[in-house]
2 protein chains.
Amino acid sequence: MPAADPRQHAYARFVVAHALITERIEAALAAADLPSLDWYDVLWVLESAPEGRLRMADIARRAVFSRSNVTRLADRLQKAGLVARADCPQDGRGTMCVITARGRALRARMWAVYRKQIDGLFGAHLSVREAEALSSSLQRMISSLRQDEKETA
Amino acid sequence: MPAADPRQHAYARFVVAHALITERIEAALAAADLPSLDWYDVLWVLESAPEGRLRMADIARRAVFSRSNVTRLADRLQKAGLVARADCPQDGRGTMCVITARGRALRARMWAVYRKQIDGLFGAHLSVREAEALSSSLQRMISSLRQDEKETA
DNA sequence: ATAATTTAGTTGCAATTGCAATCATGACGG
DNA sequence: CCGTCATGATTGCAATTGCAACTAAATTAT
C-alpha cells in the first residue's frame, strides 16, 4: 500500500489490525475448545433476531457471508444441534433457521471468551471517546455500503 | 455481539465494515480481471522490502498469513512469473522470494483499482483528522499485538 | 390461466486453507 | 566433534470456500 495519503495509511492499518486481532480471537476460541468465529456470527445474528429465527438470505446479509456459505454453515450447526431449519410460512421457497437452546448456551460461552479478547486486543487501546468517534465513522461506511447494495439489486 | 460497551460496539462495526469493504474490493479486482487481494499483499510486502526480496517467514509475518499459505501463494505467483525463489545466503534453510518486473507491473495495475476502492469505500467517510486519529489508535493495537507475538516466541 | 423471469436455497466441482507431519539445516551443550 | 533440539520451508490430507449450475416457488406480463 503506497500510502502517501493519511486515509490510505489508516486503511492499511485497519486491514492489518483486523487480521491480527481475528487470528488471536480464533486462537483463543480454539484453545477453549470452542467453534470458530463464523459459527459465532451465525448464532449471534439469529439470537438477536425476534424469536431467534431468520431466513437464510438474511443471515447472509447480516453476517456478510455468501449464500452458499450460509447453507453449509447451517448444515454444520444443525448437525451440532445448535440451530434447526423450518419452512418459511410466507414464502414456499424460503427456509427459516432457528437457534436452539443449545445454540444459545454455546453462544454465551463463546461470548465470554470473545469479549475478553475484544476488550484486551481492541478495546484496551481506545478511549470511550475514540471508540464513539470510530463507531460513527464506521457506521457511515457501513450505511453507504449497504445502500449501494440495495441500489445494485 | 451483545454490545453494551461502546468499545465492543465499535468492534462490531469494525468487523462488518472490514467484511463489506473487502468483499467490494475483491469484486472490483475480479471485474478488472486482476488477481485477488492476497496476491496483492505478497507483491506489496516484497516490493516495499529492500531489493524486492524477503524470506518466506517475513512475508508471512508482514502480510499476516500462515507459513504454509505463503508457500502455496508463492507457488502460484511463481507459476505466474510474478516472483522468483532464491536460496538464502545467510541461512541454508531459508528461501528468499523476489518480486520480478512483471510482478511490479501487475502490482501497480492492481493498485490503481485497489486505491480507487479504498478512497471510495473507506477514505470518503473520513476526514484527514479522523484518519490520523484512527491510524494512531490502530497503530497502538498493532504494536501491542506484534509485541505479544515476540514474547510468545 | 400460462409462459417467461426473478428469487431462495442448495449442490457439484475445483481451488484454497489449516493443521499436523516431514525434511533439511542451523544452534547448542557436553 | 556428536547428539539433541529448534527453526524454515514444504507437503499430505481433510475441511472449507467460491462460483456456476440447478431445482423449486413466486412474480410479472401477456
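All values reported here derive from a predicted model rather than from experimental measurement. Naming: A, B, ... by sequence-line order, numbering from 1 per chain.
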message: If the cut-off is 4.0 Å, is A:Arg55 near the phosphate of C:dG9, judged by side-chain N/O to OP1 or OP2?
response: yes

- request: Would you mind classifying the nucleic acid contact of B:Asp87 as base, sugar-phosphate or nothing, using non-hydrogen atoms under 4.0 angstrom?
  value: nothing

message: Ring-plane angle category for B:Phe14 and A:His18, please: parallel below 30°, perpendicular beyond 60°, tilted otherwise.
response: tilted

field: Integer-rounded Å distance: C:dA8 C1' and A:Arg93 CZ
entry: 6 Å

- prompt: Which of parallel (below 30°), tilted (30 to 60°) and perpendicular (above 60°) describes B:Tyr114 and B:Trp111?
  reply: perpendicular

query: Roughly how many Å is it from CZ in B:Phe65 to P in C:dC19, rounded to a whole number?
result: 15 Å

message: Could you go through A:Arg85 and A:Gln78, starting from their C-alpha distance and side-chain angles, then the distance that decides it, and tell me whether this counts as side chain to side chain donor-acceptor pair (under 3.5 Å)?
response: CA-CA 8 Å; A:Arg85 269 186 245 239; A:Gln78 188 169 21; 3.0 Å; yes

- request: Give the rounded distance in Å between these two atoms: CG of B:Asp38 and C1' of C:dT17.
  value: 11 Å

Closest listed nucleotide, where the reference is the side chain of B:Thr71 and the choices are D:dT11, C:dT11, D:dA25: D:dT11

query: Which one, D:dT10, D:dC19, C:dG9, comes nearest to the side chain of A:Ser68?
result: D:dC19

task: Determine, for B:Glu130 against A:Arg140, whether the closest basic-nitrogen to carboxylate-oxygen distance falls under 4.0 angstrom.
output: yes

message: Between B:Arg85 and D:dT10, is there a contact of a side-chain N or O with OP1 or OP2 at under 4.0 Å?
response: yes

query: CZ of A:Arg67 versus P of D:dG18: gap in Å, rounded?
result: 15 Å

task: Would you indicate, yes or no, if C:dG18 has its OP1 or OP2 atom less than 4.0 angstrom from a side-chain nitrogen or oxygen of B:Ser66?
output: yes

field: Length of the line joining B:Lys79:NZ and C:dA15:P, which is rounded to integer Å
entry: 10 Å

message: Please report the distance, rounded to the nearest Å, between CD in B:Gln90 and P in D:dT7.
response: 18 Å

message: In this structure, how many angstroms lie between the C1' atom of C:dA8 and the CD1 atom of A:Ile59, rounded?
response: 13 Å

- prompt: In whole angstrom, what separates B:Leu73's CG from D:dA9's P?
  reply: 15 Å

Contact under 4.0 Å: B:Asn69 side-chain N or O vs C:dG18 OP1/OP2: yes

task: Would you indicate, yes or no, if D:dT17 has its OP1 or OP2 atom less than 4.0 angstrom from a side-chain nitrogen or oxygen of A:Arg72?
output: no

query: Between B:Arg115 and A:Asp5, is there a side-chain N and carboxylate O pair less than 4.0 Å apart?
result: no

